[in-house]
A.B. asks: 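Handing you a structure now.
Below, read A as the first sequence line, B as the second, and so on, with proteins coming before strands; counting in each chain starts at 1.
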Amino acid sequence: MKTIYLDHVATNPLHPEVLEAMLPYFRELYGNPLSIYEPGLKAREAIEKARESTAALINAKPKEIIFTASGAEANNFALKGIAYANQNKGKHIIVSKIEHHSVLNTARFLEKSGFAVTYLPVDKYGLINPEDVEKALTKETILISIIHASPEIGAIEPIVEISRIAKQKGLILHTDAVASVGNIPVDVQALGVDLLSFTAHQFYGPKGAAALYVREGGRIVPLIYGGIQEGGRRAGTENVPAIVGMGKAAELAKRDLQKRMDRVKVLRDKLITNALKTEKVLLTGPPEKRLPGHASFVVEYIEGEAMLLLLAAKGIYSASGSACSSKALKASPVLISIGIPAHLAQGSVVFTLGEETTEEDINYFNETFPQIISRLRGISPYAKGWEGMEGSSCTVQK
Amino acid sequence: MKTIYLDHVATNPLHPEVLEAMLPYFRELYGNPLSIYEPGLKAREAIEKARESTAALINAKPKEIIFTASGAEANNFALKGIAYANQNKGKHIIVSKIEHHSVLNTARFLEKSGFAVTYLPVDKYGLINPEDVEKALTKETILISIIHASPEIGAIEPIVEISRIAKQKGLILHTDAVASVGNIPVDVQALGVDLLSFTAHQFYGPKGAAALYVREGGRIVPLIYGGIQEGGRRAGTENVPAIVGMGKAAELAKRDLQKRMDRVKVLRDKLITNALKTEKVLLTGPPEKRLPGHASFVVEYIEGEAMLLLLAAKGIYSASGSACSSKALKASPVLISIGIPAHLAQGSVVFTLGEETTEEDINYFNETFPQIISRLRGISPYAKGWEGMEGSSCTVQK
Amino acid sequence: MYSAKVMDHFTNPRNVGEMPDADGIGTEGNPVCGDVMKIYIKVSDDKITDAKFQTFGCGAAIAVSSMVTEMVKGLTLDEALKITKASLAEALDGLPPQKMHCSNLGADALHKAIEDYKVKQGK
Amino acid sequence: MYSAKVMDHFTNPRNVGEMPDADGIGTEGNPVCGDVMKIYIKVSDDKITDAKFQTFGCGAAIAVSSMVTEMVKGLTLDEALKITKASLAEALDGLPPQKMHCSNLGADALHKAIEDYKVKQGK
Ligand SMILES: Cc1ncc(COP(=O)(O)O)c(C=O)c1O
Ligand SMILES: Cc1ncc(COP(=O)(O)O)c(C=O)c1O
């Protein structure tokens, strides 16, 4: 069966050129980049070359790039590293309610360690009002960390406006750009951020390579102590093939960005237009200020995991923010934050298009999706509406 | 030119079977292991299979394995995670002076965060006296972290004896087994440790995959917060190919361990016997209680980096603990800890044998090494002894 | 993730739909949690002669509903009351642990339907 | 890491050895730090006619020693005193930054040797 991958926000296959670039570093140029003989020196050179193209993708300088092993690590590093480096100046941090778990849960850890954290609300589209940032500031504020684009609802946040506020007050601004880098232009100068997290597997690079951008001169306390790798800011023997792969993927992403965006946007719009023709299907996230390949919905009266499974049975791979589709069995806090009631959040489904998505794929999807909705509604006790629904809070029986 | 890699303690090429096992997970089975469609489910299965063989290598249960991206991360995780999880019980930690930087520097970070740390001395062979552990205990002690084997001098520490003390006092024992796992039998039950760090690239697995063993029921605070990967204890999209590679490498290491040990030990003994025939060449580390493939020396009157470079020019790749060969420009603290004066530590050189090392390689080495020593001594002003040497402390001019 | 049997009952659910002339109806779960099952039974001589379901929920919930309606047909009410979460999961060749409690509501809905029947019968 | 020129001077160092009849000897560095250079010069009519070295140290230190002894031959003492860390590094097509200060002791050792010569001459 032909399969149609519409879950590019979860991860991506390696681009063939990326794999090719990585292969020599597994067995031939296997040296430790700290070593002073040939296979080590070659590995070191390759890392520095990768640093250049990785930096170029976000318009940074090579020395502003610290390689990490995941976006989650970059986010943990940014929040803890900045908090610890600046705790003498103050102990208040601002994040949004729609941050990724790797930001939210790090913020909670910092709360336990004596920091105060403000969790900013968002509007019905998931957008932050920069005025809310301003209002949340206290004399103790040291760091603002706001996601650049939401993987769940595609919303692109007004980082430039928030940066103006941060600059005015001399505060440090971090953005989690894991879902945006490689999908839309991301320029650290234009955004005006001091730190930015991104991960290679979001743009056809390898899993196991990611980076934290730290503006030149910025002080950060390491998350992983040890040797002098990454200028002493992130220890551990470098994952050379993965870093090389990230460099190559960054190079391709920079080269092809406009083309990739233009292609997926047209197809995505077609998908959204068609999906909204079915009754009681709502777009989540902003209609305009969203990632070009991102379509997300709630479908009333049915549940997300069931949709995913039936779609998968038809060869279509996608994601959901429903409780049942998450291992934590909790509906996505992002959907709750934008005011979707919990029973509707169960009907969440997210489609993210990518480089290999074709018009034919979308035509097939557009045919299949309404069929699956109607099939599941045919089973649902709520097919005619939510009448008779019980209470509005959920305590899972154990 | 044929090259002879005698720096297996720095890193290793991938075993061809390991690379083969990894390849399908780059482009075909690329899914996110959290996803519920085919490429994701296959990735999840592959990770759980890798967890089984990784656990088997150290005689642990699969659920006791937390995958990380490096040995350094595993060590940071162990120390901080146990310190934070137990700080209500006490704030004293014991480590040795010959720990890897990833333990030492994490310990120093914890000192800054209000923990007290004892750095235990070692004897002239680099061995810890378990009585010293006992003497260092205070009412506040929560954690003992002692390296299993030293990558610099090959010493294998008496973890079993230290474990007896830890158990008696109900203390948590961690060991950094990065340099030992895959090189000698490591059995968490026999060692009696609660946590153990190891890394795949030390046994022909990939860079970017490592693990922390945490005994069943052990509580640890995450180093990397985020999603529910690794049972919520270590977030970040899993580096599937690397984890699969670690699993395969662990399987091979378990299967071939005895054979590998027997082979390298014979060759290593030959190397040591020959090297010690040259005047003023001293073995560092214990003559017996050392890693089977490990030979380390100080060569008087000459400097390590110069030796490495001339050896490399002859196709022999090796390592040194000299100040000049380290990017930090400091002589190895391990050599200082075993009582080697700083000027002698400059003559440090370390040879570590591996699976592909042949008798022919060692014969060639045995011919070459004395030549290189005599060549460099021919240039040295100290060729006739250290007389006329200046002061004994070093302040680098800037 | 799911056994072949779960996938079979999920993709080809048996006994789907309302039953306007049901003798007993039981609903369990809450859409806020993600799973709701509504079980309809027809009873004659203390035996369940027919069963249908409507379910809002995940794959496991739908498969459990299908399975429970298959299993009860022909059972006496007492026999049907012996159906449990565990026996349903077993009949489906197992369920993922995290689905055992939140999506495996079939036994509870069934028991409620039997209860409903008994109440209606004035028993 | 090192330029081809550094590697050439390191692997084939020029002017190695003691000079028993040296007119000036200069030693710089400390084995505790990892680098010591001993430069010997022969002087005639205020010109350096020959130079030799003995060095304990890393590749850079040995290459610098070799280079400085090559460079000074034929120079007047005043010209030789103009040799600096920077000009030595340049002559070697550059040195890694971390080696600039700790292993690039050639100019200092040379200046000490010239000093020694002048002292011996009573100048
Ligand atoms: C004893 C020891 N611990 C920890 C590490 C760090 O492991 P990694 O290189 O995987 O970060 C090393 C480095 O090789 C080591 O030798
Ligand atoms: C917005 C965002 N931040 C962080 C992460 C974590 O990145 P990684 O999967 O590389 O750990 C993700 C996950 O994909 C994400 O979507």
A.B. asks: Give, as side chain, backbone, both or neither, the part of A:Glu303 having an atom under 4.5 angstrom from any heavy atom of chain C.
C.D. replies: both
A.B. asks: For side chain to side chain donor-acceptor pair (under 3.5 Å), just list the numbers for C:Glu90 and C:Ser87, CA-CA rounded to whole Å, side-chain angles, deciding distance to a tenth of an Å, and then say yes or no.
C.D. replies: CA-CA 5 Å; C:Glu90 204 190 312; C:Ser87 62; over 6 Å; no
A.B. asks: Heavy-atom pairs under 4.5 Å with chain C: which of A:Pro341, A:Gly347, A:Ala306 has the most?
C.D. replies: A:Ala306
A.B. asks: Got a sec, which residues hit salt bridge (Lys or Arg N to Asp or Glu O under 4.0 Å) with C:Arg14, two or more places apart in sequence or on another chain?
C.D. replies: C:Asp8
A.B. asks: Which distance, rounded to the nearest 0.5 Å, do you find between the NZ of C:Lys112 and the CD of C:Glu28?
C.D. replies: 4.0 Å
A.B. asks: Need one label for A:Arg375: side chain, backbone, both or neither, based on atoms under 4.5 Å from any heavy atom in chain C.
C.D. replies: side chain
A.B. asks: In terms of heavy-atom proximity below 4.5 Å to chain A, should C:Ala61 be classed as side chain, backbone, both, or neither?
C.D. replies: neither
A.B. asks: May I ask you to check whether A:Asn75 and A:Ser102 show a side-chain donor-acceptor distance below 3.5 Å?
C.D. replies: yes
A.B. asks: Pick one of side chain, backbone, both or neither for A:Ile302, based on which atoms fall under 4.5 Å of a heavy atom in chain C.
C.D. replies: backbone
A.B. asks: A:Lys2: which residues meet the salt bridge (Lys or Arg N to Asp or Glu O under 4.0 Å) condition with it, sequence neighbours left out?
C.D. replies: A:Asp361
